[in-house]
Amino acid sequence: METNFEDYLKNKRTSLDVETPDDDFIWAGIQRDLKPQKSFRFFSWKAAAIILLALMSGYVLNSVLNPTPKVVQFSLADISPEYAKQELVYQASIQKRWEQIKQTDYKPDDYADIFKEIDQLELLKAESIKDFKELGGNPRMVKTLFEYYEIKIRLLEIMLAEIEKKGNDKTKNQRDERYY
Amino acid sequence: MKDIIKKTGSLFILTFLLSFAVVASNYEKAGKIDKEFEINQHTRIEFTNKSSDLLIRKWDKQAVRLECNYKLKANEEEDIAKTIEALENLKVENSANLLAITTSIFTNVKSTILPGLMNKIVATLSNGTSVNLSEYEIEYVLTLPDNHDFKLFQKYSDLNMPDYSGNLELDLYDVDVRAGRLVNAKMLTSKYSNIIVGALGDCEVDIYDTDVEVETMGLLNMKSKYSKFEVDVVGAVNIDSYDDKLFFYSLESIKGQAKYTDFEIGNIKSGDLDLYDCELKAKDCEKLKLVGKYSGIVFNNIGIFEFPDCYDNKVDAKTVGEFSTISKYTEFNFERITGMIDFETYDDRLTVGQVDEDFYAIKINGKYAKIDLDIVGNPKFFIDVDFKYTSHELPPDLLFSNIDTKSSKFVASGRTEGLKSTDEVKVNEDNKGIRKANIGKITIEQYDGTLKIK
């Protein structure tokens, strides 16, 4: 049967090939099918590259324009994990006071001496971190770092008290102006 | 399903326990390294010690002995050997003038501590080699002759020290100190430490978050923050204090400035302080000069009390000889004034329970003040008043002349009954400089407020 079919094709080939394939039509069809997919891939890569480049440029530009000091992330958990919880309590306490301060209309310049104290405290913390690298996790360092947090909390409390005093003085002066 | 959970759990526990078996140390060594360094009579000794407890002893030899007691544990014997070798070869500078010993042997340490479970130390020695230890306990004993200049720099450890009479400088960071009489301690720098010491010399003290207890010392020149300083007997004190608690039970004098500090001080000859938001409690003071804001001040007796810049304070005293101030928003309560009041005031309150009958002078000039004075006995005085809108109450036996009462004023000159305008005023001064007079002088210029003189 197969032989017959092959013979049939051979004999009828010329009559079967009555029309030459329309290459342009077929190619247009292929292109139509392929083009949207290819275009999207090309576009997504391009977009990703552009976004990445933009982000990198922004980062580099920001680093150049706004140089920030390197902050060494150091946690009491680096000495011993059991202190991590206590550290979180301290950090939450600091955060709470900062939020209270930020709710006032304080001007940082008015409290320059307190910020100077905080700077000194940060320097001492940096010294402890340096010691941690040189000497390892001496448990005494935990005490020192707890002290760091306690003094920082104390300074923020002082700042809150100063903000309150300033408010009271302002009220007194306004009262004096009004009545006297 | 239960079976799978059970097996997984068992495997986890087994692995967990095995992990500790793996890190368990195989080698342990404890011992002592003993070194001695010859010095001459004038050699200065410097000892730098970080992270190891230190015991100092004295002897009569012109030499310094350093004993290192160690206890080491490691998985590898070689690590212990390398560490001991480093401990035997500490950095030492030894010349005729100086013996300097530094005990640090590591340049870098990474340690993990899980209390009761794990203690892992990965350290780099000064020569660059690395050692893994599970325990590193070092204690030094330093034996030195008395009378040498000695500087000690110590961190994160305990220090025990006997009496020492050489010139001494201590630089401490997180150290617990128990020391004897350091009678020539000239400089004490300390952070995060606790110090109990028998004596210090005339000493420059710079402390930060440090508690100090001293029995006796010479002159004290102190810069302090967040600290507690307690001394039984001290000479002249000069302070620059921030948020401290200071106790000077017996002292000659005190001078300086303080912010957010609480004081308790004994009898003093003189005080000269600039206070901001402080609490000062003191006994007697012969001569006191204060500048103060937002502070509470309590004295027992004060001879001459000058307060030239006073803002929003509360001041209490038993007896004051002569008192002068320029003040705003302050409350003064004195049980007794013996000689003089010179009060420039704005919205203050002054209450004096008793003004001596032989007072020298009372001068009040100000606005909105509330003043209440009780002159006891049978005083004789001349008085000039200039009130405007002032609610006043004066002794009934005063004789006034030249009275002007226009425009809510009361301006007048007067004297107590029995006095003549020609009577002579005789002023005398006691041995503490407090003036008294046979006839006092009162001058008041007041706007608004109240004045009561009984």
Side-chain angles (χ1 to χ4, degrees), chain A residues 76-84 111 113-114 116-121 123-125 127-162 164-166 168-169 171-173 175-177 179-180, chain B residues 49-53 103-124 126 133 136 138 155-158 173-176 191-194 208-211 225-227 242-243 259-260 276-277 293-294 311-312 328-329 346-347 367-368 389 447-449:
Chain A
L76 283 168
D78 292 334
I79 295 176
S80 176
E82 67 173 349
Y83 301 122
Y111 307 96
D113 61 329
I114 294 173
K116 201 175 151 194
E117 288 300 320
I118 291 173
D119 285 347
Q120 190 184 4
L121 196 60
L123 284 175
L124 286 169
K125 188 187 180 192
E127 187 174 344
S128 294
I129 293 166
K130 190 169 156 265
D131 287 340
F132 174 71
K133 285 176 184 163
E134 189 194 329
L135 306 171
N138 186 324
R140 279 178 177 270
M141 278 177 195
V142 177
K143 188 195 119 197
T144 306
L145 288 164
F146 280 174
E147 293 286 317
Y148 156 81
Y149 283 117
E150 278 174 14
I151 293 175
K152 195 159 186 176
I153 290 166
R154 169 80 180 135
L155 284 169
L156 296 178
E157 280 170 352
I158 285 174
M159 194 161 160
L160 280 165
E162 287 297 324
E164 196 185 332
K165 272 182 212 155
K166 212 172 241 316
N168 290 343
D169 285 350
T171 311
K172 263 183 195 167
N173 291 335
R175 186 199 65 193
D176 290 352
E177 280 168 16
Y179 292 111
Y180 306 136
Chain B
N49 179 42
K50 295 178 186 175
S51 210
S52 304
D53 291 347
T103 61
S104 306
I105 60 166
F106 300 127
T107 56
N108 185 286
V109 176
K110 284 178 185 165
S111 58
T112 311
I113 305 165
L114 285 173
L117 290 174
M118 188 167 85
N119 191 7
K120 191 181 173 194
I121 301 160
V122 180
T124 309
S126 305
L133 303 165
Y136 176 77
I138 304 291
K155 277 187 163 182
Y156 307 111
S157 49
D158 289 350
Y173 192 102
D174 198 351
V175 181
D176 285 341
K191 293 182 179 74
Y192 306 118
S193 298
N194 290 295
Y208 187 100
D209 196 6
T210 292
D211 287 358
K225 283 179 182 170
Y226 320 111
S227 295
Y242 188 96
D243 199 8
K259 212 167 178 180
Y260 314 119
Y276 182 95
D277 200 354
K293 206 169 181 182
Y294 311 123
Y311 185 98
D312 201 354
K328 218 169 177 182
Y329 309 124
Y346 185 98
D347 203 358
K367 295 178 175 178
Y368 323 116
Y389 311 124
Y447 182 96
D448 208 339

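Computed from a predicted structure; not experimentally measured. The sequence lines fix the lettering, A, B, ..., with proteins before strands; numbering per chain opens at 1.
Annotation: residues 153-161 of chain A contacts chain B through R154(A), L155(A), I158(A) [non-hydrogen atoms, separation under 4.5 Å].
Only the side chain of Y276(B) comes within contact range of chain A, with at least one heavy atom under 4.5 Å from a heavy atom of that chain. When heavy atoms are compared at a cutoff of 4.5 Å, T107(B) approaches chain A solely by way of its backbone atoms N, CA, C and O. Looking at D176(B), both its backbone and its side chain come within 4.5 Å of chain A, counting heavy atoms on both sides. Using a 4.5 Å cut-off between heavy atoms, K367(B) does not touch chain A at all.
In this structure the side chain of K133(A) never reaches within 4.5 angstrom of the side chain of F106(B), judged on heavy atoms. In this structure the side chain of K191(B) reaches within 4.5 angstrom of the side chain of L124(A), judged on heavy atoms.
Every residue two or more places apart in sequence or in another chain that forms a salt bridge (Lys or Arg N to Asp or Glu O under 4.0 Å) with K165(A) is listed here: E162(A), D277(B). Checked against side chain to side chain contact (heavy atoms under 4.5 Å, CB included), T144(A) has the following partners two or more places apart in sequence or in another chain: S128(A), Y156(B), Y173(B), D174(B), Y192(B). Annotation: side chain to side chain contact (heavy atoms under 4.5 Å, CB included) contacts of K50(B) (sequence neighbours excluded): E134(A), L135(A), S104(B), F153(B), K155(B).
Taken from OH in Y329(B) to NZ in K293(B), the straight-line distance is 11.0 Å, to the nearest 0.5 Å. Interatomic distance, CZ of F146(A) versus CD1 of I151(A), reported as 14.0 Å (0.5 Å rounding). For the atom pair NZ (K110(B)) and CZ (F132(A)), the distance works out to 10.0 Å, reported to the nearest 0.5 Å.
Top candidate by heavy-atom pairs under 4.5 Å with chain A, chosen from S51(B), S157(B), A123(B), is S157(B).
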